[in-house]
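Comments concern the structure below.
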Amino acid sequence: MKETDREAVATAVQRVAGMLQRPDQLDKVEQYRRREARKKASVEARLKAAIQSQLDGVRTGLSQLHNALNDVKDIQQSLADVSKDWRQSINTIESLKDVKDAVVQHSQLAAAVENLKNIFSVPEIVRETQDLIEQGALLQAHRKLMDLECSRDGLMYEQYRMDSGNTRDMTLIHGYFGSTQGLSDELAKQLWMVLQRSLVTVRRDPTLLVSVVRIIEREEKIDRRILDRKKQTGFVPPGRPKSWKEKMFAILERTVTTRIEGTQADTRESDKMWLVRHLEIIRKYVLDDLIIAKNLMVQCFPPHYEIFKNLLNMYHQALSTRMQELASEDLEANEIVSLLTWVLNTYTSMEMMGNVELAPEVDVSTLEPLLSPHVVSELLDTYMSTLTSNIIAWLRKALETDRKDWVKETEPEADQDGYYQTTLPAIVFQMFEQNLQVAAQISEDLKTKVLVLCLQQMNSFLSRYKDEVQLYKEDHLRNRQHPHCYVQYMIAVINNCQTFKESIVSLKRKYLRNGVEEGASLSQPNMDGILDAIAKEGCGSLLEEVFMDLEQHLNELMTKKWLLGSNAVDIICVTVEDYFNDFAKIKKPYKKRMTAEAHRRVVVEYLRAAMQKRISFRSAEERKEGAEKMVREAEQLRFLFRKLASGFGEDVDGYCDTIIAVAEVIKLTDPSLLYLEVSTLVSKYPDIRDDHIGALLALRGDTNRDMKQTIVETLEQGPTQASPGYVPIFREIAVPGLNVAKLLK
């Protein structure tokens, strides 16, 4: 206590010191004293109240314990009295055994007397019940059946109570009421027949269905009562429990399964569309049945039966089983598509489970999938494998058909713009479109996979297409008279390349809608390069046709005949223009390249003729005449190719300027300026070689050894840098049997 007092004093001193830290706080000492006095009084009051409460609780507890002790003593005394009385009455109870047996016998006899009328009238009741069942009066029949069963069960129960081991009497009673079980079975058959046709019955005669449900509900109540009595007595009448409610749902489930399986009216042998018809019939039947169940059947069953929910589950399970069976069959590709489309889309769509007439009882988001993901994956793998084989076969057949068209005697068809074309691109991409549209009905993922497959097979197909075009060209070169429309069909092949490119872009744009799919498409082979190669090969083949016809006239260039007035260039221009009238049927991108290539090749052949030592001018007059003729023909060619390239927006003058530049070297009259003129030519065309200059000097026919040596040494100082965009033209011109060393000799 002293320690506590000291702590209290120390705490008080600390608080007072905290209150009186400034002189002006001394004026409030009295105020502080009163506040602390109030706090002290409040604490003391709470302490007194708490102590008083504890004391009251202790007092109450002691009182209750005292009362409990008295009660225990009273109970102990009562138990002693009961034990004493029980010992004294043992002998009395044993002497009443005969009375007990008499009571039991009286009870049995009373039951027999009570049921005596029913016992004697059993055969009559059986006949009446049978007649009622045959007449369809099921409720009345069931009422009489219940009376028979009640009499039988009552007698058997009393016999069981009297002597449960007496099987002879039990058998006798059971045999006397033997017809009762047969009536029960016959009534059950009638009930099951009604339930099997419940969807029809509920529309024609809903009262009959209600009667069936009432009978089943009565039997359920009897079953529950008998099972409760079994727990007390161990007695169960024969044929119980009937469990008709459970059997009812089993009958409905079997009926639903039979209805689903019975919708297949055709086979693949009799109708290629058998599965589509089968699935459509299932859709219609299931939707109609569930609407009837929701609107009519629920009114005939007690709410706790949850008849619509149970029927929905039955139909879903039956459909799942049927879909599994169909999936396990050897389905064709189109049948797999039909099945998956129905399972993944149609089933949950507005046309079936998502129908507004089934809402809100049917929530499609809660329905389990009809097919497991594993089965769906297997079907998709099978579909992709079959589709791959089909696409390969379709593409091969399409190419074979197109190849046969190439040798026809008639020209190919033209599109609305007048460009030649064959049906190959339309056939190929119509096939791709059909398969992609089908895949899109199933899932976005399958659509992407099918698009990737189409692009992969397209890549392989274009390689075969390229090979076929090459063989077509080689066959024609062996006999240029065959095929008759070679040029026209080669033009169609070139145009097909452009159509293929446009169709591929359109296909990707249509079926690749998001970034993820677009990223996936980047991994596909680049088919533009293959198509450009095919088109380039085709254009080159057509130009070969042109230059084979021009060969004779090109050989006349830069010869004595040419100098004396040959019209070879006129014929060349007419021939080229005539061919390009046919080439007008080539689509613009390739026609543009082809025109530029023809222009370049004509100029190259012209320059090659100048480098072939076909002529050597003997005088300045001849050089002037030859150079002027070259300039005129260059302008003639320029005019031709300007005309052919009109609409392309291309500068076509550069190639012909090369002929004019060479003509300027030949035309030069002052040999002292030849070095400067050749240097200008070399700086303008850096791919020109020393053998080209040698051939050019030989063509002039007036350069001496020193001049040739100076010019060649100038060339050997290093090549001139080409200007940006310069296209080499002398590189592919070979000078046969001419070298600088020989010239210098």
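All figures in this text were calculated on a predicted structure; none of them were measured in a lab. Numbers here are sequence positions counted from 1.
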Measure the shortest side-chain to side-chain distance between [X] and [Y] over non-hydrogen atoms and say whether it is less than 4.5 angstrom.
X	Y	result
Val407	Asp475	no
Leu550	Arg601	no
Val438	Gln434	no
Met558	Trp562	yes
Arg638	Ile660	yes
Arg480	Met548	yes
Ser541	Gln470	no
Tyr606	Thr658	no

Spatial distance of atom [atom1] ([X]) from atom [atom2] ([Y]) [nearest 0.5 Å]:
X	Y	atom1	atom2	value
Leu436	Leu446	CG	CG	9.5 Å
Gln636	Leu640	CD	CG	8.5 Å
Ile534	Met527	CD1	CE	11.5 Å
Leu507	Ser503	CG	OG	8.0 Å
Leu331	Thr382	CG	OG1	9.0 Å
Glu474	Leu477	CD	CG	7.5 Å

[X], [atom1]: over 12 other non-hydrogen atoms inside 6.0 angstrom:
X	atom1	value
Lys404	NZ	no
Asp330	CG	no
Lys624	NZ	no
Glu502	CD	yes
Gln552	CD	no
Arg731	CZ	no

Backbone N/O of [Y] and side chain of [X]: donor-acceptor pair under 3.5 Å:
X	Y	answer
Asn555	Glu551	yes
Tyr472	Trp406	yes
Arg689	Ala734	no
Arg614	Leu557	yes
Ser683	Thr680	yes
Glu622	Arg618	yes
Gln498	Ile494	no
Asn459	Leu455	no
Tyr420	Asn495	no

Looking at every heavy atom in both [X] and [Y], which two are closest together, and how far apart are they?
X	Y	answer
Lys501	Asp532	NZ-OD1, 3.0 Å
Thr559	Ile615	O-CD1, 3.8 Å
His476	Glu545	NE2-OE2, 2.7 Å
Arg700	Ile666	NH1-O, 2.8 Å
Phe500	Pro425	CE2-CA, 3.7 Å
Thr575	Asp549	CG2-CB, 4.4 Å

Is the shortest side-chain N to carboxylate O distance from [X] to [Y] below 4.0 Å?
X	Y	answer
Glu411	Lys585	no
Lys508	Asp528	no
Arg277	Glu280	no
Lys629	Glu633	yes
Lys408	Asp405	yes
Lys447	Glu444	yes

- [ ] Could you please spell out the steps behind the side chain to side chain contact (heavy atoms under 4.5 Å, CB included) verdict for Leu462 and Met458?
- [x] CA-CA 6 Å; Leu462 290 178; Met458 186 68 186; 3.8 Å; yes
Could you go through residues 389-397 and list every donor-acceptor pair under 3.5 Å that involves a side-chain atom there, pairing it with any protein atom two or more places apart or in another chain?
{"unit_1": "Ser389", "atom_1": "OG", "unit_2": "Ser385", "atom_2": "O", "d": "3.3"}
{"unit_1": "Asn390", "atom_1": "ND2", "unit_2": "Thr386", "atom_2": "O", "d": "3.4"}

Task: Parallel, tilted or perpendicular: rings of Phe429 and Phe432 (30°, 60°) - done: perpendicular
TODO: Check the angle between the aromatic planes of His692 and Phe730 and answer parallel, tilted or perpendicular using the 30° and 60° thresholds.
DONE: tilted
Task: Verdict with supporting geometry, Leu340 and Tyr383, side chain to side chain contact (heavy atoms under 4.5 Å, CB included) - done: CA-CA 10 Å; Leu340 289 177; Tyr383 173 72; 5.6 Å; no
- [ ] Only pairs at least two apart or in different chains count here, so list each salt bridge (charged side-chain N to carboxylate O under 4.0 Å, His left out) that has a residue in residues 414-437.
- [x] Glu433-Lys510
- [ ] Decide side chain to side chain contact (heavy atoms under 4.5 Å, CB included) for Phe641 and Tyr655; before the verdict, give the C-alpha distance in whole Å, the side-chain angles of both, and the deciding distance to 0.1 Å.
- [x] CA-CA 10 Å; Phe641 285 104; Tyr655 295 132; over 6 Å; no
Open item on the list: Lys473: which residues meet the salt bridge (Lys or Arg N to Asp or Glu O under 4.0 Å) condition with it, sequence neighbours left out?
Closed with: Glu537
TODO: Could you walk me through whether Glu597 and Arg600 pass the salt bridge (charged side-chain N to carboxylate O under 4.0 Å, His left out) test, one step at a time?
DONE: CA-CA 5 Å; Glu597 178 62 16; Arg600 188 191 68 81; 2.8 Å; yes
Task: From Thr499, Thr401, Asp402, residue fulfilling side-chain hydrogen bond (donor to acceptor under 3.5 Å, both in side chains) relative to Thr422 - done: Asp402
- [ ] Give the intermediate values and the outcome of side chain to side chain contact (heavy atoms under 4.5 Å, CB included) for residues Glu605 and Arg608.
- [x] CA-CA 5 Å; Glu605 293 299 327; Arg608 181 178 283 114; 2.6 Å; yes
